[in-house]
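Numbering of residues begins at 1 and proceeds along the displayed sequence. Computed over heavy atoms, backbone and side chain alike; hydrogens, waters and symmetry mates excluded.
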Amino acid sequence: MGRTKRPDGSQTPRSNPTGSQAGPMDEYLQTPAAASREQAGATIADSPHHVLPPETAGPTLTDISADIRALAAQMVTKTDLQTLSDDLHAAIRLEVTALRAEITTHNGRLQTLEGNMQETMGRTGTTTTAVTRQGNMLLALRRQTEDLDNRGRRSNIRVRGLPESQTDEDIEATLKALFQTILGEDLPADLTFDRAHRANRPRIPDGTPRDAICCLHHYKHKERIMQKARTRPLWRFRGADVALFQDLSPLTLEARRALRPVTTLLRERNIPYKWGFPFALLARYQNEWIPLRWPEESPGFLHRLELPPTEITDWVLGPLEPRPRPPTPRPQRRRRGDSPRRPTARRHLDPAEPEE
C-alpha cells in the first residue's frame with residue numbers, strides 16, 4: 001500500500017529511527033561521516049519509495065556523550081586557571097621585589113649625590129668668595145706696586161733721540177750739556193746725577209739711539225728741567241731732535257697706551273686732561289674733574305663727558321691675546337779648540353716707550 005500524499009504535495013515527516021530527540025548541539029557535535037549520511041538520508045527521503053538503511057542513521061547518544069566528555073577533558077579547568085594565576089603572581093612578585101631593591105639602591109645613591117652636591121655648592125660659594133677677595137687684594141697690591149714704582153722714578157728723566165756714540169761715552173756730561181741747552185743760565189750749579197745710563201736693551205741695527213735715563217739727586221732740579229722742557233715738543237741738540245719725558249712704570253705706560261683712543265677724543269674735543277697718581281685719567285668738563293681709575297668705569301666716564309662709545313683694552317688684566325715677544329737668541333755650543341766668544345747680548349724686558 002503506497003503512502004498517502006498530502007494535497008499540497010508534501011510528505012508526512014518521518015520520525016527519528018534512533019528514537020532520540022535532536023538537540024541544539026547536534027550540528028556541532030556530529031562527525032563529517034554522520035553529516036554525510038544525514039544529507040544522504042534527507043535526499044533519499046525525498047523519494048516516495050526509499051527507506052534508509054540502519055547503518056546510515058545519525059550519531060547515537062553514546063557517541064555524543066563520548067564527544068562531550070572528550071571536549072570537556074580538553075577544556076581549561078578551574079585548577080588550571082588557579083595554577084596559572086599563582087605562577088603569574090609569583091613572577092610579578094619576583095619582578096616587583098627586584099625593582100623595589102633597585103629603586104632603593106638608586107634612592108640611596110641619589111640622596112648621597114644630593115648631599116654631595118649641596119656640600120659642593122657650599123664649598124664653591126666659599127671658594128668664589130675667597131677668589132674674589134684674593135683678586136681684589138691682588139689688584140690692590142698691583143696698584144700699590146705701580147704707585148711705589150712710579151714714586152721711585154720721580155726724579156728720573158727719560159731722554160729720547162739723544163745721539164749715541166759707538167764708543168764708550170760720558171753720558172752724564174752729554175746730559176748736562178743738554179740740560180744747559182734747555183735751561184741756559186738757569187742751570188743749577190749743584191746739578192748732580194745719582195745714576196745715568198742708556199736703556200737696557202741691545203742696540204738697534206738701523207742706528208736709532210736708545211733712550212737715555214738719568215736720576216737727578218735733587219727732585220726740584222728735575223722739576224725745573226721738565227717744566228722748561230714741556231714748553232717745546234722737541235729740542236735741537238747736536239743736530240738731532242731730542243724729547244724729554246717723565247720716566248714711568250711699565251704698568252703705567254701700558255695703561256696709558258690702552259687709553260690712547262680716549263685721550264685722542266679728548267684732544268679732538270679740546271677737553272683738558274691730566275694723569276693722576278695712583279694711576280688715573282682726570283678730565284675737566286663743566287668745571288669738574290672726572291676721574292677714570294678702573295676699566296669698568298669707562299662707559300660712565302665717556303657718558304659724563306658726552307663722548308661716543310669707544311672700545312678700550314682692559315689695562316688691568318691686559319688684552320685677550322698678548323703681544324708676541326721677540327725670541328731670545330739661544331747660546332751656541334762651544335767646541336774644543338775654539339776661542340772664547342763674547343756672550344750674546346740677552347734681551348731684557350724694559351719699559352715701553354712713553355706716550356707723547
Practice task
Could you tell me whether R123 and E119 make a salt bridge, using a distance below 4.0 angstrom between a side-chain N and a carboxylate O?
Solution key: yes
Handout entry: Salt-bridge contact E223-K220 (side-chain N to carboxylate O under 4.0 Å)
Key = no
Practice task
Look only at the side chain of D149 and the backbone of T145, and say whether a donor-acceptor pair between them is shorter than 3.5 Å.
Solution key: no
Practice task
For the pair N150 (side chain) and S249 (backbone), establish whether a donor and an acceptor sit closer than 3.5 Å, ignoring hydrogens and angles.
Solution key: yes
Problem - Side chain R198, main chain R210, donor-acceptor under 3.5 Å - result: yes
Handout entry: Any donor-acceptor N/O pair, R142 side chain to V316 backbone, under 3.5 Å
Key = yes
Problem - Charged tip of R154 within 45° of Y219 ring normal and under 6.0 Å - result: yes
Handout entry: Q111 side chain reached by N107 side chain, heavy atoms, under 4.5 Å
Key = yes
Exercise for the section: Verify, without hydrogens or angle tests, whether T128 (side chain) and T124 (backbone) share a donor-acceptor contact under 3.5 angstrom. Expected result: yes
Handout entry: side-chain contact (heavy atoms from CB on, under 4.5 Å) assessment of L259 paired with W275
Key = CA-CA 11 Å; L259 289 175; W275 301 104; 4.1 Å; yes
Exercise for the section: Go through the side-chain N and O atoms of T83 and D80 and say whether any donor and acceptor fall under 3.5 Å apart. Expected result: no
Practice task
With K228 as the cation and W235 as the aromatic partner, state whether NZ or CZ is under 6.0 Å from the six-membered ring centre and within 45° of the axis.
Solution key: no
Problem - Residues that, via side-chain heavy atoms closer than 4.5 angstrom, fall in one hydrophobic cluster with I92 - result: L88, V96
Exercise for the section: Quick one: do Q180 and L183 satisfy side-chain contact (heavy atoms from CB on, under 4.5 Å)? Show the steps, please. Expected result: CA-CA 5 Å; Q180 177 70 41; L183 294 179; over 6 Å; no
Problem - Donor-acceptor under 3.5 Å (R236 side chain, G239 main chain) - result: yes
Fill in the blank from the handout: Those residues at least two apart in sequence (or on a different chain) that pass ring pair (Phe, Tyr, Trp, His ring centres under 6.0 Å) with H218 are H221
Handout entry: Backbone of T112 reached by a side-chain donor or acceptor of N116 within 3.5 Å
Key = yes
Handout entry: Greater than 12 external heavy atoms within 6.0 Å of M121's CE
Key = no
Practice task
Kindly state each residue pair satisfying ring pair (Phe, Tyr, Trp, His ring centres under 6.0 Å) with at least one member in residues 177-200, sequence neighbours excluded.
Solution key: none
Problem - Any donor-acceptor N/O pair, D147 side chain to R143 backbone, under 3.5 Å - result: no
Handout entry: Heavy-atom donor-acceptor pair, Q246 side chain to R153 backbone, under 3.5 Å
Key = yes
Practice task
Please check if any side-chain donor atom of D194 sits under 3.5 Å from a side-chain acceptor atom of S155, or the reverse.
Solution key: no
Practice task
Tell me, yes or no, whether the heavy-atom count around Q144 atom CD, taken from other residues, nucleotides or ligands under 6.0 Å, exceeds 12.
Solution key: no
Handout entry: Over 12 foreign heavy atoms within 6.0 Å of CZ, R284
Key = yes
Problem - Sidechain-backbone polar pair: T174 side chain, D170 backbone, donor-acceptor under 3.5 Å - result: yes
Handout entry: Spacing of CD belonging to Q227 relative to NZ belonging to K222, to within rounding of 0.5 Å
Key = 9.5 Å
